[in-house]
Enquirer: 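Let me give you the structure first, and then I'll get to my questions.
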Amino acid sequence: MRLAFSDDKSLVCFLHQDAAEYKFLSRFPAFIRQGTYYCVPAKIQVLHNVVQRLQRANRKLTLDKDVHDFLQQPFKLKEIPTTFHFHTEPMDYQRIALRYLYTVGSGGLLLDPGMGKSKVVLDYILLQGFKRTVIVCPKALLFVWEDEISIHRPELSYYTIKSTDWESEKAGIAAAQVVIINYTKAVVFQSQLSAEGFDFIHLDEFLIKDPSTDRTKSLTAIAKNIPYRCGGSGTLINNSVLDAFSPIRYLEPSLVGWNFTHFKDRHTVKNPRDPRQVVGYRGVDEARSVLESCSIVMTKDKWLKLPEKRFHDVCVSLTTEQREVYSQLMRNYTAQVGGHVIDIDNPLVMLSKLYQISNGFLYISPDDSEADNEVTELLAEDSKKKPKKKRITHFFPDTAKIRALEQLVTMRVKDRRAIIWFNMEAEYTLIQGLLDRLGHTYLTVKGGERHIGDKVRQFNNNPEIQWLVCQAKSVNYGITVLGTTGEKLEAEGAEVIPGLSPEVHTQIFYSMNFSLEVFLQQQDRIHRLGQKHVCDYYRIFASTPVEERIRAAIEDKLLIRQDMLVDIAEKIKVEELPE
């Protein structure tokens, strides 16, 4: 196989010598097509990665002299011009991340939550002089990007798309340097955004991991003809190496190719009895090297001197009634509760029901589709399904977790302000009942609410509100919950409540689901720049097999994440980049 530059030197072509080599290249998870040849762009880190992978596959490569000389060049970060001025001074690691983007043009910012990725992106827009930028973010973060622009780059004009009427939005879009849009509207406006001629696109939180979704397909298509691309996430890898495929394809398609099946076949172990079932993963080191060829990984523990995280697991035993219904359902796949009979015919629905009992309630659903929706809630997957009104909720009159929560809020953390996390609606009903009974002040944020930013600001600035009760996926990406300080309150002439700290550095998890991404994002609402206190996380677990399974699943996913995301500080010098 011979490697040669294209005529304009923009591509390196892998010239096959026979039909066997052509077939191998067609199935290898890399390359873009140029005529009848497979190629990669003439980018040192991309070419180096693909060549190394081919050599490990025992492929004999012959390099033209100019390609050989190109591969021997040192790869260093470009310096930021001395004439470039920052509106807000960057941290050292933010300056390195900016130089990384400036060097590679398109790249991923895999910085932990709370490390200020948005500032890096905004500085990059000014540094490159992009005339037209589109930023795609979760709906809840539209206000965050508006705030970040006003703080870090007020010289940028921006426009936030708020409707699905393109004609009414056109004037604002045309007048702005930066267009901000949420993921859902970006899918709706795929054709219009593709025709806008943007110079740069940034995907906040990289929500394109599943290659089969309309979201991933639309955003990949929009980005295909935009010359500069970026994506930021502190929680990119949460389940397996397969999470990396779509983000890499978006950033640099030649590293993985366009066919997900080829990537999946290379990195999964399948059940020999049922090839559709994945039983393990392989080639993790190779997948990590591919990701590192188009992304920079930076973690808080290496670059920030933030206070430590302390985890406190509060384990409780089910009450008598909970234990009896749990045991009956698990043994017999049927149980009677509250005058109703529950029959289970599906292992996932069983999992969901046992989870509900552990948390003090039970949904009684005569509709199969509603049972499926409960499983979706537990797995924390995106779904368009809505709860059915005919669903009945049985609440156990005495609930072990509510006892534990009451002890926490009245004793162990009674002098603190904190976030209390829940997953399902019935859990909120239980928590609300407890706080109302105790006469405690709280704000509630649930999934799908508008004006989440206004509620978070209210909680941060008003120390009279002790608890922020949040549904698991409602207050996550990019939102800061640090409260305020006594000094600030005194300076503003506000009252400092005796015995209650106005700052926020505590979280209570009434329940958890199987999503590592959600768990990590929850933690980092308080563990981020500006935090001065040790962060305490109280996780309430029932002593049941289903809750043990959730804990084990989170731990297993953490190991995969650690294997895939290795901070550059552990691998290279500051002046270098991973090859």
Side-chain angles (χ1 to χ4, degrees), residues 88 91-94 111-119 144 147 151 234-235 298-314 404-405 407-422 431 435 440-443 445 453 455-470 472 474-492 494-510 512 518-540 558:
T88 55
M91 305 285 282
D92 288 344
Y93 68 85
Q94 289 175 320
L111 279 61
D112 272 354
M115 292 183 71
K117 293 182 287 292
S118 55
K119 172 181 166 51
V144 173
D147 289 350
I151 293 169
T235 53
M298 306 179 94
T299 57
K300 286 186 292 189
D301 62 334
K302 298 294 181 183
W303 298 92
L304 291 178
K305 294 182 179 179
L306 285 180
E308 68 172 311
K309 292 180 179 182
R310 291 190 305 211
F311 292 90
H312 313 269
D313 284 355
V314 180
L405 180 61
Q407 186 177 48
L408 283 172
V409 301
T410 59
M411 297 178 66
R412 294 179 72 175
V413 297
K414 66 179 181 179
D415 58 347
R416 302 189 191 184
R417 305 174 69 215
I419 302 175
I420 301 175
W421 295 102
F422 69 95
I431 295 167
L435 297 180
H440 287 201
T441 55
Y442 62 93
L443 273 180
V445 180
K455 282 193 172 182
V456 172
R457 291 191 191 102
Q458 183 183 356
F459 179 73
N460 275 329
N461 296 324
N462 185 352
E464 294 183 3
I465 304 171
Q466 187 168 6
W467 314 109
L468 183 64
V469 185
C470 297
S474 59
V475 179
N476 44 32
Y477 307 114
I479 292 178
T480 298
V481 186
L482 296 179
T484 185
T485 63
E487 293 81 2
K488 183 178 179 182
L489 291 171
E490 290 175 353
E492 295 173 350
E495 181 182 359
V496 178
I497 301 173
L500 182 64
S501 171
E503 297 166 279
V504 179
H505 50 91
T506 304
Q507 294 186 2
I508 300 172
F509 294 83
Y510 182 83
M512 292 179 59
V518 170
F519 182 46
L520 293 173
Q521 289 286 355
Q522 288 172 310
Q523 293 175 42
D524 286 315
R525 296 317 97 217
I526 62 173
H527 195 256
R528 53 202 301 110
L529 284 172
Q531 183 58 265
K532 299 176 182 177
H533 301 274
V534 171
C535 292
D536 287 303
Y537 303 91
Y538 294 86
R539 304 190 299 179
I540 305 176
L558 276 170

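If you read the sequence from its start, that first residue is 1, and numbering goes on from there.
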Enquirer: Would you mind reporting whether L405 and Y510 have side-chain heavy atoms less than 4.5 Å apart?
Expert: yes
Enquirer: Just by distance, do the side chain of K300 and the backbone of H527 share a donor-acceptor pair under 3.5 Å?
Expert: yes
Enquirer: Taking atom types as modelled, is there a side-chain donor on H505 or D536 under 3.5 Å from an acceptor on the other?
Expert: no
Enquirer: For H533 and E503, run side chain to side chain contact (heavy atoms under 4.5 Å, CB included): C-alpha distance rounded to whole Å, both residues' side-chain angles, the deciding distance at 0.1 Å, then the answer.
Expert: CA-CA 9 Å; H533 301 274; E503 297 166 279; 3.1 Å; yes
Enquirer: If we ignore hydrogens and angles and just use 3.5 Å, is the side chain of N460 paired with the main-chain N or O of G483 as donor and acceptor?
Expert: yes
Enquirer: Just by distance, do the side chain of K119 and the backbone of I151 share a donor-acceptor pair under 3.5 Å?
Expert: no
Enquirer: Return the minimal non-hydrogen interatomic distance between R525 and L482, and the atom names on each side.
Expert: O-CD2, 4.5 Å
Enquirer: Could you give me the CA-CA distance, side-chain angles and deciding distance for D301 and K309, then say whether salt bridge (charged side-chain N to carboxylate O under 4.0 Å, His left out) is met?
Expert: CA-CA 11 Å; D301 62 334; K309 292 180 179 182; over 6 Å; no
Enquirer: Mind checking the CD1-CG spacing from I540 to L408? Nearest 0.5 Å is all I need.
Expert: 5.0 Å
Enquirer: Where is the tightest heavy-atom contact between C470 and L468, given as atom of each residue plus distance?
Expert: SG-CG, 3.4 Å
Enquirer: Do the non-hydrogen side-chain atoms of V518 and M512 ever get within less than 4.5 Å of each other?
Expert: no
Enquirer: Will you find, in the side chains of T441 and Q466, an N or O donor that is under 3.5 Å from an N or O acceptor?
Expert: no
Enquirer: Looking only at heavy atoms, what is the nearest atom pair of L306 and R528, with distance?
Expert: CD2-O, 3.4 Å
Enquirer: Could you tell me whether the side chain of V469 reaches within less than 4.5 Å of the side chain of I419, counting heavy atoms only?
Expert: no
Enquirer: Do the charged groups of R457 and D147 touch, with an N to O distance under 4.0 Å?
Expert: yes
Enquirer: What's the shortest heavy-atom distance between R417 and P502, and which atoms?
Expert: NH1-O, 2.8 Å
Enquirer: Is the terminal nitrogen or CZ of R310 (NZ for Lys, CZ for Arg) located under 6.0 angstrom from the six-membered ring centre of Y538 and within 45° of that ring's axis?
Expert: no
Enquirer: Using 0.5 Å steps for rounding, measure from the SG atom of C535 to the CD atom of Q507.
Expert: 7.5 Å
Enquirer: Mark yes or no for whether Q94, through its side chain, and G116, through its backbone, hold a donor-acceptor pair below 3.5 Å.
Expert: yes
Enquirer: Kindly write out the residues that satisfy ring-ring contact (aromatic ring centres under 6.0 Å, His included) with Y93, not counting sequence neighbours, or none if the list is empty.
Expert: none
Enquirer: Does the side chain of F459 reach to within under 4.5 Å of the side chain of V481, using non-hydrogen atoms?
Expert: yes
Enquirer: Could you give me the CA-CA distance, side-chain angles and deciding distance for R416 and T506, then say whether side-chain hydrogen bond (donor to acceptor under 3.5 Å, both in side chains) is met?
Expert: CA-CA 7 Å; R416 302 189 191 184; T506 304; 2.9 Å; yes
Enquirer: For a quick test of reading the model, state the closest non-hydrogen atom pair linking V409 to I420 and the distance between them.
Expert: CG1-CD1, 4.4 Å
Enquirer: How long is the straight-line distance from CG of D112 back to NZ of K302, given to the nearest 0.5 Å?
Expert: 11.5 Å
Enquirer: Would a 4.5 Å heavy-atom cut-off, applied to side chains only, mark W467 and V413 as touching?
Expert: yes
Enquirer: Can you classify the ring geometry of Y537 versus F509 as parallel (below 30°), tilted (30 to 60°) or perpendicular (above 60°)?
Expert: tilted
Enquirer: Within the side chain of Q458, is there an N or O that forms a donor-acceptor pair under 3.5 Å with the backbone of K455?
Expert: no
Enquirer: Considering non-hydrogen atoms only, spot the tightest contact between L304 and L529 and give its length.
Expert: CD2-CD2, 3.7 Å
Enquirer: Is a side-chain donor or acceptor of Q531 paired with a backbone partner of I526 at a separation under 3.5 angstrom?
Expert: yes
